[in-house]
There are 2 protein chains.
Amino acid sequence: MTDATQAFQKFLSEKNQHYTTQRALIVGEFLRANAHLSAEELYAIVKRKENNIGQVTVFRTLKLLEEAGIAKPVNFGDKTVRYEMNYETEHHDHLVCTLCGKVIEVLDSKLEKRKEKVCSKYEFVPLNHRLEIFGICKACR
Amino acid sequence: MTDATQAFQKFLSEKNQHYTTQRALIVGEFLRANAHLSAEELYAIVKRKENNIGQVTVFRTLKLLEEAGIAKPVNFGDKTVRYEMNYETEHHDHLVCTLCGKVIEVLDSKLEKRKEKVCSKYEFVPLNHRLEIFGICKACR
DNA sequence: CTGACTGCAAACCCTTTGCACTAAA
DNA sequence: TTTAGTGCAAAGGGTTTGCAGTCAG
């Protein structure tokens with residue numbers, strides 16, 4: 001039982017929603033995979049463990065996880081939405097390898113500072129942002 | 001007749017494709033709008049000038065403009081793909097106002113340098129990237 | 001002329017919704 | 001028990017494709 005799972009249970013009970021077996025399975029596999037999964041990929045994983053589960057339940061649970069601050073939608077150029085862990089994680093940028101698909105999460109304080117500087121130059125108040133760099137990773141070179 | 005239009009004609013003739021009246025209208029309005037238009041928005045604009053045009057033709061022409069290096073797909077969080085001018089333009093980042101929808105295009109050389117630095121730190125060869133910062137613009141504050 | 005283009009309608013893909021049934025609290 | 005959740009199937013929204021008629025070169 002991870003912290004994130006507990007947080008999800010808390011989130012649900014505070015809204016008088018149920019921590020069902022399906023939701024337990026989905027959040028468990030989502031956290032265990034620790035990857036940038038699409039709804040379809042996550043569905044394939046949980047379906048192996050519990051054949052009777054519906055694709056719809058995965059969509060709905062991902063929405064809940066997003067509300068609960070546990071999952072965060074990201075987009076890497078392929079047309080489906082992916083979700084990454086968002087529980088007690090810091091903001092980070094992504095280096096996406098266009099050959100092997102690997103995603104490196106990076107955090108660089110100087111880069112963050114420069115982003116802020118650019119915003120202030122335009123008197124723009126940043127709320128959130130995303131930076132994806134597509135290219136070739138070390139292993140693929 | 002702009003340079004970009006001429007480039008499109010050249011691109012088409014080199015591939016033995018036709019510069020039709022529809023394509024002329026679509027590229028003309030796309031360039032004139034000089035905005036981040038979705039296929040649907042561009043369709044609405046051209047439809048006003050030529051009622052007989054099909055939505056499909058707009059989709060197909062935008063794909064061609066992309067191939068020709070004249071349009072570039074961008075995504076600002078709303079779920080449809082938008083296109084921006086990409087003919088003889090420099091890379092730039094986007095400040096997207098979440099209140100009025102305005103998009104400020106910015107280029108900051110120090111920011112670009114820092115992005116490169118981060119890549120080299122991970123021995124990652126960048127091919128292209130995108131940075132979108134969502135927030136509140138000067139006018140909306 | 002002839003191959004490319006158009007517009008319509010239908011198909012697609014991912015996602016959401018309506019609804020009767022099931023299960024958590 | 002009672003309210004929320006589930007799974008199915010059907011509907012949505014944006015985009016793509018098949019096809020017969022049309023047009024640019």
Side-chain angles (χ1 to χ4, degrees), chain A residues 5 8-30 36-68 71-83, chain B residues 5 8-30 36-68 71-83:
Chain A
T5 305
F8 188 39
Q9 290 183 27
K10 185 156 173 282
F11 170 83
L12 290 173
S13 73
E14 281 170 359
K15 297 183 69 190
N16 288 314
Q17 301 194 160
H18 300 169
Y19 186 68
T20 63
T21 53
Q22 290 95 331
R23 287 175 181 176
L25 175 61
I26 291 166
V27 70
E29 292 303 317
F30 172 69
H36 300 86
L37 298 178
S38 65
E40 194 168 16
E41 287 162 354
L42 183 52
Y43 173 59
I45 291 169
V46 297
K47 182 95 177 168
R48 265 183 251 133
K49 304 234 165 173
E50 171 47 65
N51 191 265
N52 239 25
I53 207 161
Q55 164 102 264
V56 191
T57 303
V58 175
F59 277 110
R60 287 193 276 225
T61 304
L62 281 169
K63 280 270 147 61
L64 283 174
L65 289 169
E66 187 182 342
E67 267 185 71
K72 180 176 174 179
V74 291
N75 191 304
F76 293 153
D78 48 358
K79 62 193 62 179
T80 101
V81 177
R82 298 178 169 280
Y83 289 85
Chain B
T5 306
F8 188 40
Q9 290 183 27
K10 185 156 173 284
F11 169 84
L12 289 173
S13 73
E14 278 168 3
K15 297 184 68 192
N16 287 315
Q17 302 193 158
H18 299 167
Y19 186 69
T20 63
T21 53
Q22 291 93 330
R23 287 175 180 174
L25 175 60
I26 291 166
V27 69
E29 293 303 316
F30 172 70
H36 300 86
L37 298 177
S38 66
E40 194 167 16
E41 287 163 352
L42 183 53
Y43 174 58
I45 291 170
V46 298
K47 183 96 177 167
R48 266 183 252 133
K49 304 235 167 175
E50 172 48 65
N51 190 266
N52 238 26
I53 208 160
Q55 164 103 265
V56 193
T57 303
V58 175
F59 277 110
R60 287 193 277 225
T61 304
L62 281 168
K63 280 271 149 59
L64 282 172
L65 288 169
E66 188 182 343
E67 267 185 71
K72 181 176 174 178
V74 291
N75 192 305
F76 293 152
D78 47 358
K79 60 193 64 177
T80 101
V81 178
R82 296 177 169 280
Y83 289 85

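Below, chains carry the letters A, B, ... as their sequence lines are ordered, and counting in each starts from 1.
- In this structure, the separation between CD on B:Glu67 and NZ on B:Lys15 is 4.0 Å, given to the nearest 0.5 Å.
- Looking at the side chain of B:Glu40, the nearest of the listed nucleotides D:dA24, D:dG14, C:dC14 is D:dG14.
- Across the protein-nucleic acid pair, A:Tyr19 atom OH and D:dT6 atom P stand 12 Å apart, rounded to whole Å.
- Atoms CZ and CD, from A:Phe30 and A:Glu41 in turn, are 11.5 Å apart once rounded to the nearest 0.5 Å.
- Residue-environment remark: NZ (B:Lys47) exceeds the threshold of 12 foreign heavy atoms within 6.0 Å.
- Between B:Thr21 and D:dC23 there is no side-chain polar atom (N or O) within less than 4.0 angstrom of OP1 or OP2.
- The separation between A:Asn16 atom CG and D:dT1 atom P is 20 Å, rounded to whole Å.
- For the pair B:Ile53 CD1 and C:dC5 P, the computed distance is 14 Å after rounding to whole Å.
- The nearest whole Å value for the distance from the NE2 atom in B:His18 to the P atom in D:dA24 is 9 Å.
- One can place CG of B:Asn52 at 8 Å from C1' of C:dG7, the figure rounded to the nearest angstrom.
- The residue among B:Gln22 and B:Lys79 whose nearest nucleotide of DNA chain C is located toward the 5' end is B:Gln22.
- Contacts between residues 55-66 of chain B and DNA chain D, defined by a heavy-atom separation under 4.0 Å, are made by B:Val56, B:Phe59, B:Arg60, B:Lys63.
- Residue B:Lys15 contributes atom NZ, which lies 18 Å from atom P of C:dG3 at whole-angstrom precision.
- Rounding to the nearest 0.5 Å places CD1 of B:Ile45 at 11.5 Å from CD1 of B:Ile26.
- Remark: of the listed residues B:Leu42, B:Val58, B:Leu62, B:Leu42 is the sole one forming a side chain to side chain contact (heavy atoms under 4.5 Å, CB included) with B:Leu37.
- The number of heavy-atom neighbours closer than 6.0 Å to CD of A:Glu40, taken from other residues, nucleotides and ligands shown, is 12 or below.
- Under a 4.0 Å N-O distance rule, the pair B:Lys10/B:Glu14 qualifies as a salt bridge.
- Comparing B:Ala39 and A:Lys47, the nucleotide of DNA chain D nearest to each residue sits closer to the 5' end for A:Lys47.
- Rounded to whole Å, the distance from CG on A:Asn51 to C1' on D:dC8 is 14 Å.
- Here B:Thr20 reaches the OP1 or OP2 of C:dT6: one of its side-chain N or O atoms lies under 4.0 Å away.
- Taking 4.0 angstrom as the limit, B:Gln17 places none of its side-chain polar atoms (N or O) nearer than this to OP1 or OP2 of D:dA24.
- If you take CD of B:Glu50 and C1' of C:dC5, they are 15 Å apart, rounded to a whole angstrom.
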